[in-house]
> 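Attaching a single structure in structure tokens format; questions to follow.
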Amino acid sequence: MDKNQVAQALEEVATLLQLKKDASPFEVRAYENAARTISALDDDIERLVKEGRLKGIPGLGPTITRRIEELVTTGRLSFLEELRAATPSIKLELLRIQGLGPRRINAIVDQLHIASLEDLERACKEDRVAALPGFGKKTQEKILQGLAFLAEHGHRYLYPVAEAEGLRMRDALASLPEIVRVQVAGSLRRRRETVKDIDIVASVADNADSATRQRVMNFFTGQPGVRQIISKGETRSSIILASGIQMDLRLVTDRQFPYALHHFTGAKEHHIPLRRRALSMNMTINEYGLFRGKEPDLELVPCKDEVEFYAALGLAYIEPELREDMGEIEAAERGELPTLVEERDLRGVLHVHSTWSDGKNTIRELAEACCERGLSYLGITDHSQSVGYANGLSVENLQRQWEEIDRLNAEFAGRLVILKGTECDILKDGSLDYPDEVLARFDFVIASIHSHFTLSPQEQTERMLRAIANPYVTIIGHPTGRLLLERPGYTLDIEAVIEAAARHGVFIEINASPQRLDLDWRYVRKARDRGILIPIDPDAHSIAGLADMHYGVGIARKGWLAAADVLNTRPLEELVALLQRRKASR
DNA sequence: GCCGTTTTCGGCCCGACTGTTTTCAGTCG
């Protein structure tokens, strides 16, 4: 049993607990905290349990420690099983409906004997929900809307969709004379791989009146493409856009802006320890300020931006991408946060498809586009021979492609170097899709899985480990094969993959395609800690696809990567040396 | 359920908006 399974069980306990009628919100939080604590552990959970070292970890008291020990040693958690047995599954389903929390869910299910979403819809239409104490017509109508929304948009959005909407609204608001500062906040600013809603924070002058705020809110809710107004006040309004995504605007005075921006950037998990820290320093944090002292003698600690905000708490500035309660506060305290990689640090690209396989542009067109982007090398990696659907290259066609690359390199000399690469399939048994004598002739080899997704976790891991051990493999492509919001990755032991890659000197890519963003940022940091250099690869199938590097950089930053941790920030000579060192070591 | 250099009991991050109320509960972020 690994720590993620333990964390998942604790999270499930928290979810089920809050649906109990006499639930204590603090008990719920205790399990949520414990789940986070466990997933942040560096040590092996089974060893910690065996050696009795769970005790003393902050956040794990006697009860939860006992429960974890039971789970790890027996593989079962009786407390969780009791909770599951006592909680109708419909209550869990209803949690996904906006506006329905534990209290209302209990009232609905227990008093109206609702067993399905269809039951609930019928109860609403028959006015039985509105008749419940504490409910009314409007609540019932909201529930109906929530049901419809869940049916249509019960999912999250890919980062680029949300980013485009967020920037469009930010720019529209910035054009208003009433607005002093405006910025996108929330999970979008933290560059999460998917986004549920968009938060925007804007400021008006410190002396702005109510009418000014109303004008801004009218503008916001009156934008083209607003499908529905969920709520509208003078400091907060929520809308649903035509794309189905929800957008919230928070309006504050300009003096409050840095605090509000920080507050609405989150993550909630980052705020909780930060506020605890503030309290220990005789300060309190809310969205309107950082205050010293206690009520009623609160004194604002002036901050003109977030840098000063963190400084007031004795911390180095924490970039939004890092605000996930993954150790960033401790690192900021010690002054050990990395300087995160930026797009302009990238010197070249290594994972690009051309018309030789399933790409839309010729190598020449791609090379020109790279020059325009100021890049100095381009790795062409068309698919290998067995990938029929993607027009994979036979050995014969490879030879012709290499001749073309040689000609183009002569033509582009001094501007760009084109490297001969391949995205070579990892076959079912872990062998590669070209013979060794062919692999030996590439400048570099990306090895990827594109078939047999349903092998057992053990088989899939062994398959991947065998590929990593192949001396001609330079980079592992999209290591889990996930497609965000579509399908999970193939099940394999990613920690074992990282371990093997570190041992063999193989790089693991961040596939920058916004549908993939694979390696996941949570593992990027682990790979970095094991000394693995990470290429940020666009997996471009066209010139436009080169721009996806932007999303890969976001994930690299979330994974704490500095420029030095990224393979393709290296100048050409250094990159070639690194690729050859790998060759020489076999 | 966890925690403690004011506390082993009584706190636990904090505020906006909505709707059903007539002073507040529920939900959300």
> Taking B:dC2 as the reference, what is the distance to B:dT7 when you measure between their P atoms (whole Å, please)?
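Nearest-Å result for B:dT7 against B:dC2 at atom P: 22 Å.
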> Work out how far the C1' atom of B:dT20 is from that of B:dC24, and round it to whole angstrom.
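Straight-line distance between the two C1' atoms is 9 Å.
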> With rounding to the nearest 0.5 angstrom, report the CZ to CG distance, A:R53 to A:L48.
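Between atom CZ of A:R53 and atom CG of A:L48 there are 5.0 Å.
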> Quick one: salt bridge (Lys or Arg N to Asp or Glu O under 4.0 Å) partners of A:E308, sequence neighbours excluded?
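A:E308: salt bridge (Lys or Arg N to Asp or Glu O under 4.0 Å) contacts with A:K304.
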> Which label fits A:Y159 and A:Y551: parallel for a plane angle under 30°, tilted from 30 to 60°, or perpendicular past 60°?
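A:Y159 vs A:Y551 ring planes: perpendicular.
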> So does A:T235 get a side-chain nitrogen or oxygen closer than 4.0 Å to the phosphate oxygens (OP1/OP2) of B:dC17?
yes
> In whole angstroms, how far is the C1' atom of B:dT5 from the CG atom of A:N282?
15 Å
> B:dC14, OP1 or OP2 - any side-chain N/O from A:Y288 closer than 4.0 Å?
no
> Could you work out the separation of B:dT21 and B:dG26 based on their C1' atoms and round it to a whole Å?
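It works out to 12 Å between them.
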> Quantified in whole Å, what is the P atom distance between nucleotide B:dC9 and nucleotide B:dC14?
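Straight-line distance between the two P atoms is 24 Å.
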> Taking O4'-C1'-N9-C4 for purines and O4'-C1'-N1-C2 for pyrimidines, is B:dT6 syn (within 90° of 0) or anti?
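Anti, angle beyond 90° from zero.
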> Remember a base hit wins even if backbone is also touched, and classify A:I285 as base, sugar-phosphate or nothing at under 4.0 Å, heavy atoms.
sugar-phosphate
> Is there a donor-acceptor contact under 3.5 Å linking the side chains of A:N218 and A:K232?
yes
> Check the side chains of A:R36 and A:N33 for a donor-acceptor pair under 3.5 angstrom, ignoring hydrogens and angles.
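Yes, because at least one side-chain N or O of A:N33 sits under 3.5 Å from a partner of the opposite role on A:R36.
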> So does A:T139 get a side-chain nitrogen or oxygen closer than 4.0 Å to the phosphate oxygens (OP1/OP2) of B:dT18?
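No, A:T139 has no side-chain N/O under 4.0 Å of OP1/OP2 on B:dT18.
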> Rounded to whole angstrom units, what separation is found between the CD1 atom of A:I57 and the C1' atom of B:dC2?
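A:I57 atom CD1 is separated from B:dC2 atom C1' by 14 Å.
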> Mind calculating the distance between CG (A:L298) and P (B:dG15) to the nearest angstrom?
9 Å
> When you compare B:dC12 with B:dC17, how far apart are their P atoms, in angstrom units rounded to a whole number?
23 Å
> Please round to the nearest 0.5 Å and tell me the distance separating atom CG of A:D548 and atom OG of A:S513.
5.5 Å
> Find which nucleotide of DNA chain B each of A:S231 and A:L60 is nearest to by heavy atoms, and output the residue with the more 5' nucleotide.
A:L60
> Which part of the nucleic acid, if any, lies within reach of A:P25 when heavy atoms closer than 4.0 Å are counted: base, sugar-phosphate only, or nothing?
nothing
> Could you check whether A:G59 gets within reach of a base, just the sugar-phosphate, or nothing at all, counting any heavy atom under 4.0 Å?
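Sugar-phosphate, no base atom in range.
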> From the options A:E269, A:E321, A:E324, select the one residue that forms a salt bridge (Lys or Arg N to Asp or Glu O under 4.0 Å) with A:R190.
A:E324
> Using the C1' atom as the point on both nucleotides, what is the distance between B:dT23 and B:dT18, in whole Å?
15 Å
> So how far is it from A:R66 CZ to A:L77 CG, rounded to the nearest 0.5 Å?
11.0 Å
> In Å, rounded to the nearest 0.5 Å, how long is the span from CD1 of A:I555 to CZ of A:R557?
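Rounded to the nearest 0.5 Å, the CD1-CZ separation comes out at 11.5 Å.
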> Check the side chains of A:Q98 and A:Q145 for a donor-acceptor pair under 3.5 angstrom, ignoring hydrogens and angles.
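Result is no, nothing qualifies.
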> Distance check, P atoms only: B:dG11 and B:dA16, in whole angstrom units.
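Each nucleotide's P atom is 23 Å from the other's.
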> Expressed in angstrom and rounded to an integer, what is the separation of A:H271 atom NE2 from B:dC12 atom C1'?
18 Å
> Rounded to whole Å, how long is the line connecting atom NZ of A:K137 with atom P of B:dG19?
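Roughly 14 Å, once rounded to whole Å.
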> What does A:Q140 touch in the nucleic acid at a heavy-atom separation under 4.0 angstrom: a base, only the sugar-phosphate, or nothing?
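A:Q140: no heavy atom of the nucleic acid under 4.0 Å.
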> When the P atoms of B:dG1 and B:dT6 are compared, how many Å lie between them, rounded to an integer?
28 Å
> With heavy atoms under 4.0 Å as the rule, sort A:R67 into base, sugar-phosphate or nothing.
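It contacts sugar-phosphate atoms only.
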> Roughly how many Å is it from CZ in A:R36 to P in B:dC2, rounded to a whole number?
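Rounded to whole Å, this separation is 15 Å.
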> Contact list please: residues 118-136 of chain A against DNA chain B, heavy atoms, distance less than 4.0 Å, in numerical order.
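A:G134, A:F135, A:G136, in order of number.
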> Grab the CD1-P distance between A:I229 and B:dT18 for me, whole Å please.
11 Å
> With both distances under 3.5 Å as the test, what is the Watson-Crick or G-U wobble partner of B:dT27?
B:dA16
> Within a reach of under 6.0 Å around CD of A:E336, are more than 12 heavy atoms found that belong to other residues, nucleotides or ligands?
yes
> Can you tell me how far C1' of B:dT5 sits from CG of A:L279, to the nearest Å?
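Taking atom C1' of B:dT5 as the reference, CG of A:L279 is at 16 Å.
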> Would you check if there is a donor-acceptor pair between the side chains of A:Q256 and A:S203 at a distance under 3.5 Å?
no
> Any chance you could list the contact pattern along nucleotides 24-29 of chain B? Use B for base contacts, S for sugar-phosphate-only contacts and - for none, protein heavy atoms under 4.0 Å, 5' to 3'.
--SSSS
> Output the single nucleotide from B:dG1, B:dG19, B:dG15 whose closest atom is nearest the side chain of A:N286.
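Comparing B:dG1, B:dG19, B:dG15 against the side chain of A:N286, the answer is B:dG15.
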> Hey, which sits more toward the 5' end of DNA chain B by its nearest nucleotide, A:I64 or A:G233?
A:I64
